[in-house]
Amino acid sequence: MRLPTVVVRGDILTSWLTVSGYTKSRLASELGVSKGRISQLLTSNEEPSAHLIAKLMALTHLPFERLFKVVRDQQAQGQP
């Protein structure tokens with residue numbers, strides 16, 4: 001049995017970027033990650049670290065339930 005994975009809801013974070021006026025570069029800088037990492041978070045089912053989850057929530061002021069989704073079965077999500 002695999003543990004559930006938490007992933008960023010790319011659609012929500014993309015909308016937040018648009019509304020807030022942030023660029024991917026600015027977001028990456030404020031989170032202390034690369035712009036490529038931001039792109040990964042927006043487009044894949046790769047799990048962010050707990051530290052990055054906390055930083056994203058603090059920066060966006062979005063609740064966990066809105067910004068993230070729990071993927072219970074990665075194979076059902078198209079992952080091996």
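Bear in mind that the values here come from a model prediction, so they are computed numbers and not experimental data.
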**OP:** State which residues pass side-chain contact (heavy atoms from CB on, under 4.5 Å) with Ser34; sequence neighbours excluded, sorted by chain then number.
**Re:** Arg37

Original post:
Just by distance, do the side chain of Thr14 and the backbone of Gly10 share a donor-acceptor pair under 3.5 Å?
Top reply: yes

Original post:
Would a hydrophobic clustering, with Ile, Leu, Val, Met, Phe, Trp and Tyr connected at side-chain separations under 4.5 Å, put Val19 with Ile38?
Top reply: no

Subject >> 4.5 Å side-chain heavy-atom contact, Leu59 and Leu27 >> reply: yes

Original post:
Phe64 and Met57: which non-hydrogen atoms are nearest, and at how many Å?
Top reply: N-CE, 3.7 Å

Original post:
Are Leu67 and Trp16 side-chain neighbours, meaning at least one heavy-atom pair lies under 4.5 Å?
Top reply: no

**OP:** Can you measure from OG (Ser49) to NZ (Lys55) and round to the nearest 0.5 angstrom?
**Re:** 8.5 Å

Subject >> Close side-chain approach of Leu62 and Phe68, heavy atoms under 4.5 Å >> reply: no

Original post:
Does the side chain of Leu56 reach to within under 4.5 Å of the side chain of Leu31, using non-hydrogen atoms?
Top reply: yes

Subject >> From CA spacing to verdict: side chain to side chain contact (heavy atoms under 4.5 Å, CB included), Thr23, Leu17 >> reply: CA-CA 6 Å; Thr23 63; Leu17 286 168; over 6 Å; no

Original post:
Does the side chain of Arg66 reach to within under 4.5 Å of the side chain of Ile12, using non-hydrogen atoms?
Top reply: yes

Subject >> Trace of the side chain to side chain contact (heavy atoms under 4.5 Å, CB included) decision for Leu52 with Val33 >> reply: CA-CA 9 Å; Leu52 188 54; Val33 299; 4.2 Å; yes

Original post:
With side chains defined as the heavy atoms from C-beta onward, is the minimum distance between Leu42 and Lys24 less than 4.5 Å?
Top reply: yes

Original post:
Can you find a heavy atom in the side chain of Ile53 that is under 4.5 Å from one in the side chain of Val6?
Top reply: yes

Original post:
Which atom pair, heavy atoms only, marks the closest approach of Pro48 to Val7?
Top reply: CD-CA, 4.3 Å

